[in-house]
Amino acid sequence: MTMSEEKNSGSRGKEEESEDESEILEESPCGRWQKRKEQVSQGNVPGIETASLAMDTEEGVEVVWNEVQFSDKKVFKSHEDRMREMFESLMHVDHPNIVKFHKYWLDTRESRARVIFITEYMSSGSLKQFLKKTKKNHKTMNVKAWKRWCTQILSALSYLHSCHPPIVHGNLTCDTIFIQHNGLIKIGSVWHRLFVNVFPEAIYGNVQHHRDDETNQHYFAPEYGLAEDVCSIDIFAFGICTLEMAVLEIQANGDTVVSKEAITNAAQSLEDPLIKEFTQSCVRMDAKKRPTAHDLLFHRVLFEVHSLKLLAAHCFINYQYQLHDNCLEEKTRTFDPSGVMAEIKHGDRPGVEIKYSNVSPLELDKFLEDVKNGIYPLMNFQRGLTMPRTLSIFQERMETVKTPSPEPQEMETRKVVQMHCNLEFTEEGTRSHLSLLLKMDDKLQRQLNCDVLPRGL
């Protein structure tokens, strides 16, 4: 066989392997989600041995298909109402720095009993992987990047802890924090406590051995598992994450367990006294002395007065649904490049003029997109605001009416920007057909149809 033949044979083999991985194994009851053969790693999630790549046929994006197998169908039935309550609460969690929980359904066909849920796919990998690559390239951590990451993680934790009642993550590690190519940070595994604290004995997999896993023991606060989880265990885990982010890796000296001595040595190696104080305040042994996520956002190492540019960007994003699609482009096109946009006056020296030509429309678009995605959260004004209410996974069981459908109804949370209504009469004249075309704030459309009967029929 010649070299060209070997090369063609190798390329054919890769194509066949790729086609094999993209093979559709299963579909959701509604047909929207299609499970593939290819498996993905989305962090150490108790109870989930494997997760598969799937396709969202409605949005045209890849997602993660997670499955939790139950050891006994009768036990599964006894937990069914509780599970529905808990998964419904997860669907209310909506934050730009938290991995999106899309859908769930329960499957009791044949002899198996399982829960399937769809989550956002983080294609760029975990923060742990990024830190390893950075260290391998003999680079040090950029302080600005460290601060930006901390702010985004704290933004997510502050959101969870400010819900009523608070949601404790309970599994925050550098493996369950994901980073996108644009610097956007998202935390995953928010559903961790659902499997570990509620019904671990009923699930196949690694739930029973989760707390015995030595690899990530150093992320667990001293009080972890001794009593009901509280927000302070997330702060301890966050402190270890920030330390690991600063030093790139906490050396375990060949052991599987990261010792307290290794953590102390890593903390002592920090040169910036504010970063050292910040991390040490999070990992205090006394849980009551640890600061809250909101308090940490006001720590001297992170706190800064937001620029007028950032405040204006958040204001624009919040009310963007009231504006038409190309309003920014149309507005900037009418500006005179030589015109003065702003002027800073000084009494003892000449003032500074900022002209429209100093602002690049492309850079402005990118900045607005980054703000919308959650890279620059506006957190210094959150005190006193009403956080979205989410259901606690430990709240008392609600009386719900069971539906014959295996899939729960999905609540529409997007804002309607435009609406077109069309009413057509059928030839028979016995009914009319109503069509509603909704244009949402994410630029997608949704069409609703129904038949309208005359009164009295």
Side-chain angles (χ1 to χ4, degrees), residues 24 26-35 54-63 65 80-81 83-96 100-107 109 115-121 315-331 368-369 372-373 386 388-391 398-457:
I24 297 175
E26 189 178 352
E27 282 190 351
S28 63
C30 64
R32 176 176 177 178
W33 320 98
Q34 296 180 337
K35 177 185 176 182
M55 175 60 71
D56 179 353
T57 59
E58 185 174 307
E59 301 290 346
V61 297
E62 291 179 321
V63 292
W65 176 297
E80 186 173 346
D81 290 342
M83 279 189 291
R84 289 188 185 276
E85 293 174 21
M86 296 172 183
F87 277 108
E88 285 294 335
S89 73
L90 290 174
M91 292 187 66
H92 285 80
V93 174
D94 185 17
H95 190 277
K100 180 68 177 174
F101 187 97
H102 290 296
K103 199 74 172 176
Y104 81 95
W105 63 93
L106 312 181
D107 180 21
R109 292 175 298 174
V115 180
I116 302 166
F117 58 98
I118 306 296
T119 56
E120 183 180 3
Y121 176 45
C315 185
F316 180 84
I317 295 300
N318 290 338
Y319 294 95
Q320 191 175 16
Y321 68 93
Q322 298 180 356
L323 309 172
H324 61 273
D325 292 344
N326 301 319
C327 66
L328 182 63
E329 182 181 349
E330 293 174 1
K331 191 69 175 176
L368 287 172
E369 190 67 24
K372 185 177 182 180
N373 288 337
T386 302
R389 178 178 175 83
T390 62
L391 302 176
M398 296 169 57
E399 292 296 328
T400 57
V401 179
K402 293 185 179 180
T403 62
S405 173
E407 193 170 1
Q409 294 182 353
E410 184 173 4
M411 182 179 295
E412 179 62 80
T413 58
R414 294 174 294 179
K415 293 184 176 66
V416 178
V417 180
Q418 291 181 358
M419 180 173 68
H420 297 282
C421 176
N422 184 40
L423 184 64
E424 295 180 352
F425 295 96
T426 59
E427 294 180 359
E428 298 84 1
T430 57
R431 66 182 65 194
S432 305
H433 186 72
L434 176 65
S435 296
L436 291 177
L437 182 62
L438 308 178
K439 186 175 182 181
M440 319 305 285
D441 60 347
D442 57 1
K443 298 184 180 180
L444 296 177
Q445 294 183 350
R446 183 170 183 177
Q447 186 166 344
L448 307 176
N449 301 286
C450 72
D451 290 328
V452 182
L453 298 176
R455 181 178 296 180
L457 292 181

With [X] via side-chain hydrogen bond (donor to acceptor under 3.5 Å, both in side chains) - residues at least two apart:
X: Glu58; result: none
X: Lys100; result: none
X: Glu62; result: Arg36
X: Asp107; result: Arg109, Arg114

Pairing of Glu80 and Arg84 as salt bridge, 4.0 angstrom limit: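 Salt bridge present between Glu80 and Arg84.
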Could you grab the distance from atom [atom1] of [X] to atom [atom2] of [Y], nearest 0.5 Å is fine?
X: Ile317; Y: Lys372; atom1: CD1; atom2: NZ; answer: 6.0 Å
X: Glu27; Y: Trp65; atom1: CD; atom2: CH2; answer: 8.0 Å
X: His102; Y: Leu90; atom1: NE2; atom2: CG; answer: 13.0 Å
X: Ile118; Y: Arg32; atom1: CD1; atom2: CZ; answer: 9.5 Å

Parallel, tilted or perpendicular: ring planes of Phe87 versus Tyr104, cut at 30 and 60 degrees: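 Parallel, since the angle between the ring planes stays under 30°.
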State, to 0.1 Å, how close [X] and [Y] come at their nearest heavy-atom pair, and which atoms those are.
X: Thr57; Y: Gly31; answer: OG1-O, 3.6 Å
X: Gly60; Y: Met55; answer: C-SD, 3.9 Å
X: Tyr121; Y: Val63; answer: CB-CA, 3.8 Å

